Amino acid sequence: MQNWIGIGIWIVSGALIGLAMKALISRPEETAGHAPVLAVLGAFGAVIGGMLGVGIFEFFDPRALSAGGMIGAFTFATFVSWLYRWGIRTLI
(Lines give C-alpha, C1' and ligand atoms only; values in the text may rest on other atoms or scores of the structure.)
Protein backbone atom coordinates (compact mmCIF):
# COMPACT_ATOMS: atom_id res chain seq x y z
CA MET A 1 0.00 0.00 0.00
CA GLN A 2 2.87 2.37 0.75
CA ASN A 3 4.18 2.09 -2.81
CA TRP A 4 0.79 3.07 -4.29
CA ILE A 5 0.66 6.12 -2.05
CA GLY A 6 4.17 7.06 -3.16
CA ILE A 7 3.25 6.71 -6.82
CA GLY A 8 0.17 8.87 -6.21
CA ILE A 9 2.41 11.51 -4.64
CA TRP A 10 4.69 11.33 -7.68
CA ILE A 11 1.73 11.91 -10.01
CA VAL A 12 0.32 14.85 -8.06
CA SER A 13 3.70 16.49 -7.55
CA GLY A 14 4.59 16.01 -11.23
CA ALA A 15 1.37 17.68 -12.32
CA LEU A 16 2.05 20.58 -9.95
CA ILE A 17 5.61 20.90 -11.26
CA GLY A 18 4.24 21.04 -14.82
CA LEU A 19 1.79 23.79 -13.89
CA ALA A 20 4.53 25.68 -12.02
CA MET A 21 6.71 25.47 -15.12
CA LYS A 22 3.89 27.07 -17.12
CA ALA A 23 3.74 29.92 -14.59
CA LEU A 24 7.52 30.39 -14.47
CA ILE A 25 8.29 30.27 -18.20
CA SER A 26 6.01 32.52 -20.20
CA ARG A 27 5.78 32.18 -23.96
CA PRO A 28 4.38 35.22 -25.79
CA GLU A 29 3.19 33.25 -28.85
CA GLU A 30 1.46 30.56 -26.80
CA THR A 31 -2.11 29.59 -27.59
CA ALA A 32 -4.58 28.53 -24.91
CA GLY A 33 -4.87 24.97 -23.67
CA HIS A 34 -1.34 23.99 -22.64
CA ALA A 35 -2.01 23.63 -18.91
CA PRO A 36 -3.53 20.11 -19.14
CA VAL A 37 -0.75 19.00 -21.48
CA LEU A 38 1.91 20.24 -19.07
CA ALA A 39 0.16 18.60 -16.12
CA VAL A 40 0.03 15.24 -17.90
CA LEU A 41 3.64 15.51 -19.10
CA GLY A 42 4.81 16.46 -15.61
CA ALA A 43 2.96 13.49 -14.09
CA PHE A 44 4.38 11.16 -16.73
CA GLY A 45 7.89 12.47 -16.12
CA ALA A 46 7.48 12.09 -12.37
CA VAL A 47 6.43 8.45 -12.64
CA ILE A 48 9.29 7.57 -15.00
CA GLY A 49 11.81 9.55 -12.94
CA GLY A 50 10.55 8.05 -9.71
CA MET A 51 10.96 4.54 -11.05
CA LEU A 52 14.46 5.36 -12.25
CA GLY A 53 15.34 6.94 -8.92
CA VAL A 54 14.11 3.94 -6.96
CA GLY A 55 15.91 1.57 -9.31
CA ILE A 56 19.21 3.42 -9.12
CA PHE A 57 19.37 4.69 -5.54
CA GLU A 58 17.19 2.24 -3.58
CA PHE A 59 18.06 -1.01 -5.33
CA PHE A 60 17.96 -3.36 -2.34
CA ASP A 61 14.94 -1.79 -0.61
CA PRO A 62 12.65 -0.51 -3.40
CA ARG A 63 10.04 1.82 -1.92
CA ALA A 64 8.29 4.66 -3.74
CA LEU A 65 8.39 6.89 -0.65
CA SER A 66 12.18 6.96 -0.52
CA ALA A 67 14.63 9.79 -1.05
CA GLY A 68 15.84 8.35 -4.36
CA GLY A 69 12.32 7.97 -5.70
CA MET A 70 11.27 11.49 -4.74
CA ILE A 71 14.45 13.11 -6.07
CA GLY A 72 14.13 11.18 -9.33
CA ALA A 73 10.45 12.11 -9.67
CA PHE A 74 11.03 15.82 -9.05
CA THR A 75 14.09 15.97 -11.31
CA PHE A 76 12.58 14.15 -14.28
CA ALA A 77 9.22 15.95 -14.03
CA THR A 78 11.06 19.27 -14.09
CA PHE A 79 13.17 18.14 -17.05
CA VAL A 80 10.22 16.87 -19.11
CA SER A 81 8.18 20.02 -18.42
CA TRP A 82 11.14 22.25 -19.24
CA LEU A 83 11.83 20.27 -22.42
CA TYR A 84 8.26 20.78 -23.60
CA ARG A 85 8.23 24.45 -22.59
CA TRP A 86 11.52 25.40 -24.24
CA GLY A 87 12.67 22.62 -26.52
CA ILE A 88 9.72 21.24 -28.40
CA ARG A 89 7.55 24.37 -28.41
CA THR A 90 10.27 26.36 -30.21
CA LEU A 91 10.34 23.80 -33.03
CA ILE A 92 6.60 24.09 -33.76
Side-chain angles (χ1 to χ4, degrees):
M1 184 69 176
Q2 182 183 9
N3 281 331
W4 290 109
I5 293 171
I7 293 170
I9 292 172
W10 291 348
I11 292 170
V12 171
S13 64
L16 292 175
I17 287 172
L19 294 175
M21 192 66 67
K22 179 176 174 25
L24 290 175
I25 301 173
S26 62
R27 309 266 318 169
E29 72 278 357
E30 181 181 25
T31 58
H34 288 280
V37 173
L38 275 167
V40 168
L41 283 175
F44 172 75
V47 170
I48 299 299
M51 284 191 267
L52 288 172
V54 167
I56 292 171
F57 296 113
E58 310 289 335
F59 186 72
F60 293 109
D61 187 21
R63 290 178 293 135
L65 283 174
S66 62
M70 291 300 169
I71 290 170
F74 291 143
T75 303
F76 208 69
T78 304
F79 174 70
V80 168
S81 300
W82 175 82
L83 184 66
Y84 177 75
R85 242 4 226 170
W86 278 104
I88 295 174
R89 290 295 302 155
T90 56
L91 296 176
I92 296 174

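Everything quoted here is computed from the prediction, not taken from an experiment. Atom set for the values below is all heavy atoms of this structure, side chains included, hydrogens, waters and symmetry mates excluded.
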Closest non-hydrogen atom pair, Arg85 against Lys22: NH2-O, 3.8 Å
Rounded distance [0.5 Å steps], CG in Leu83 versus CZ in Phe76: 9.0 Å
Residue pairs, two or more places apart or on separate chains, that pass salt bridge (Lys or Arg N to Asp or Glu O under 4.0 Å) and touch residues 63-80: Asp61-Arg63
Nearest heavy-atom neighbours spanning Ala64 and Ile7: CB-N, 4.0 Å
Single-linkage hydrophobic cluster Val80~Ile71, side-chain heavy atoms < 4.5 angstrom: no
Side-chain heavy-atom pair Ser13, Phe74 within 4.5 angstrom cut-off: yes
Joint hydrophobic cluster, Phe79 plus Phe57, side-chain heavy atoms closer than 4.5 Å: no
Over all atoms of both residues, closest heavy-atom pair of Gly18 and Ser81: CA-OG, 3.5 Å
Common cluster, Ile9/Val54, ILVMFWY with side-chain heavy-atom separation under 4.5 Å: yes
Leu65 reachable from Ile11 in the ILVMFWY side-chain graph, under 4.5 Å edges: yes
Could you pull out all donor-acceptor pairs under 3.5 Å where a side-chain atom in residues 36-51 meets a protein atom, sequence neighbours excluded?
none

